[in-house]
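Encoded as structure tokens, the structure appears first; notes follow it.
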Amino acid sequence: MTKSSRSLLGRLLFQDKGILPTGRLLIGYLCYSGLLLVGSLFGLSWMWIMILNGLFIGLSLIDLTFSPSNKEVGVKRSIPDQMERGLEYKVDLTINNTSHRELTYRLLDGTPQSFQASLPLNGTLAGHSSRNHSYGVVTPVRGDYVLTRLYFRYRSSLGLWEKQETVKSQDHVKVIPDLTETRRVLEDAQRFLLYEGVKIRKQQSGAGEFSKIRNYVVGDDPRKINWRQTAKLREVMTNEYEPEHGKYITILIDCGRMMGAELKKGNRLEKSLEAAMTVAAAALQNGDYVSVLAFSKNVKAYIPPAKGMAHLQTILHRIYNLEVDAAESNYAAVLHYVQTVQKKRSLLLLFSDIHTFLHEDNALYYLQRLRRQHLFLMIGIEDELLMKQIKDEPVDDIKAMMKSMAQKQMLVKKREKAKWEKQGLLMVEAREEKLATTAVSHYIDMMNRGLV
């Protein structure tokens, strides 16, 4: 394709500067040409037909002089510099017309292909005025994006021609994981868990950090009665304890091939990132140290342990653009790496595919060594297709065969899980919409029980 043909195609596809005929002009020209052909049947010469055609086109071009020039029309974009995956955001566009002529326009934003937006925008703008437009956009794919152009078309006064202008407007957009569950935890972790039927419990013994002194209620441990305050206030008072703060939490995120399996909304990696951010927020809010390690064949990212809510932004900026690799995950290598960087006792929380992990016998050796110092918990996403096949009624031979194979696969998984759990390596599976809740619930339960 030559340079001139690419330029012409760009104009037709709303992607370049230029002047284009409208449908009104084309229909008018076809009707006019039909009349000239009829006139040729009655003796109208070809010379006069060519002259009259040129006269028609020339008169139509006069209409262009009654439309604003490109310098008299401007477009500006206002877009958030950070968006969450799958949520709808509003993009504002401002159109300025400094001429004294009214114009009818169409506006198209040069959004990336993965963005879902309702475009183009249509409207009419009077002279010496401006107008604000907005449209909704959904960004289903994480990463960094640059929006560089706006494409603007407006008609002449009679609507015979359209001028097309490409406006340069550069904006950088960062698409991060959906933090809806994370916000719910930060707003009220107790409500977040009570909604799922889980409670944040204080420790049952006197171990842990002292929290406060309160009135004794029926059911409290009598051993925790504060006799000095009871004598002073002449009311039975009791000490309340809470789990110790300053524990170490290491979140491991698998980015291997199996994490690219598609779910209802996104894939396994997307859900794991959202759940990891939720656990990190809960741990940082409780005063614990959080480190994050992402891996596949090799280590992709490592964020050293730190505490404080500011560390949550550090984690987000390092893992928001992680992608699934085509390679298989090397669990043995990453567990050996964890052993070298995490010297203090911590909770190792691994987000991965349990079915794949169960067949990694090489990882068992490293996990047995890690288990001597660390507490290990693996969380995966339940295979809904497998569960559906197990629950299906065997109405025919094919259904019966699929049901039996699914049941066999589930029995093999349970047998392998039991082998790992005998080594003290806990494994949990949850539905994709419950993954974040399950992860936070197990983290809080382990903290309450003082296992770390």
Side-chain angles (χ1 to χ4, degrees), residues 181-251 275-291 305-312 342-349 370-379 421-422 424-428 430 434 436-452:
E181 300 286 353
T182 304
R183 283 190 293 271
R184 288 177 60 194
V185 167
L186 294 177
E187 289 171 1
D188 192 341
Q190 182 66 76
R191 285 182 57 192
F192 173 80
L193 295 172
L194 282 176
Y195 179 74
E196 306 297 338
V198 182
K199 292 183 179 180
I200 301 176
R201 300 189 303 272
K202 301 294 182 182
Q203 288 191 332
Q204 298 301 317
S205 66
E209 291 185 347
F210 173 78
S211 175
K212 62 183 178 180
I213 300 175
R214 59 171 174 80
N215 290 328
Y216 180 87
V217 296
V218 177
D220 284 342
D221 189 348
R223 293 173 296 179
K224 294 192 293 183
I225 294 176
N226 189 315
W227 295 107
R228 177 171 296 184
Q229 290 295 322
T230 298
K232 184 184 295 185
L233 300 176
R234 297 184 180 180
E235 292 183 26
V236 181
M237 307 297 290
T238 182
N239 295 334
E240 185 173 280
Y241 297 86
E242 61 183 16
E244 294 180 7
H245 301 307
K247 301 292 186 178
Y248 282 79
I249 313 297
T250 302
I251 301 175
M277 289 300 301
T278 306
V279 175
L284 292 171
Q285 193 176 41
N286 287 340
D288 295 328
Y289 291 85
V290 178
S291 61
K307 67 177 182 178
M309 293 309 298
H311 188 52
L312 187 65
Q342 186 56 273
K343 300 298 183 181
K344 295 186 178 182
R345 177 171 174 81
S346 67
L347 168 63
L348 302 180
L349 191 59
L370 286 171
R371 182 67 182 88
R372 299 170 189 169
Q373 183 180 2
H374 305 285
L375 182 64
F376 179 83
L377 172 64
M378 181 177 181
I379 298 182
E421 288 175 351
K422 286 180 181 178
L425 310 173
L426 303 178
M427 295 183 178
V428 178
K434 303 290 185 181
T437 306
T438 303
V440 175
S441 300
H442 279 81
Y443 153 73
I444 290 178
D445 181 61
M446 290 178 173
M447 294 296 107
N448 287 338
R449 291 161 60 189
L451 300 179
V452 182

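Starting from 1, each residue takes its place in the sequence as its number.
Every residue was checked against the side chain to side chain donor-acceptor pair (under 3.5 Å) condition with T438, not counting sequence neighbours, and none meets it. Looking at residues two or more places apart in sequence or on another chain, you find no side chain to side chain donor-acceptor pair (under 3.5 Å) involving Y289.
Put simply, CD1 on I213 and CD1 on I225 are 12.5 Å apart, with the number rounded to the nearest 0.5 Å. For the atom pair OG1 (T230) and CG (N215), the distance works out to 9.5 Å, reported to the nearest 0.5 Å. With rounding to the nearest 0.5 angstrom, the NZ atom of K307 is 8.5 Å from the OH atom of Y248. Separation of atoms NZ (K434) and CD1 (I379) is listed at 14.5 Å; rounding is to 0.5 Å. Here the straight-line distance linking atom OG1 of T250 with atom NZ of K344 works out to 12.0 Å at 0.5 Å rounding. Atoms CD1 and OG, from I249 and S291 in turn, are 8.5 Å apart once rounded to the nearest 0.5 Å.
Annotation: side chain of D288 is in contact with side chain of Y443 (closest heavy-atom distance under 4.5 Å). Under the 4.5 Å side-chain criterion, counting only non-hydrogen atoms from C-beta, K247 is not in contact with L347. The shortest distance between side-chain heavy atoms of N286 and M447 does not fall below 4.5 Å. Residues L426 and M378 are not in side-chain contact: their nearest non-hydrogen atoms beyond the backbone lie 4.5 Å or more apart.
Side-chain polar atoms of E181 and T278 form no donor-acceptor pair below 3.5 angstrom.
Heavy atoms only, all atoms of each residue included: A436 and A275 are closest at CA-CB, 3.8 Å. Counting all heavy atoms, side chain and backbone alike, L312 lies closest to A280 at CD1-CB, 4.1 Å. Between V440 and A282 the shortest heavy-atom distance is CG1-CB, 4.1 Å. When all heavy atoms of V279 and A439 are compared, the closest pair comes out as CG2-CB, 3.4 Å. The two atoms that bring Q342 and P305 nearest to each other are NE2-CG, 4.4 Å, heavy atoms only. In terms of heavy-atom proximity, M309 sits nearest to Q285 at SD-N, 3.7 Å.
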Applying side chain to side chain contact (heavy atoms under 4.5 Å, CB included), run through K232 and N226 and close with a yes or a no. CA-CA 10 Å; K232 184 184 295 185; N226 189 315; over 6 Å; no

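For the pair H442 (side chain) and L377 (backbone), a donor-acceptor distance under 3.5 Å is absent. Under the 3.5 Å distance criterion, the side-chain polar atoms of T238 are matched with a main-chain donor or acceptor of K224.
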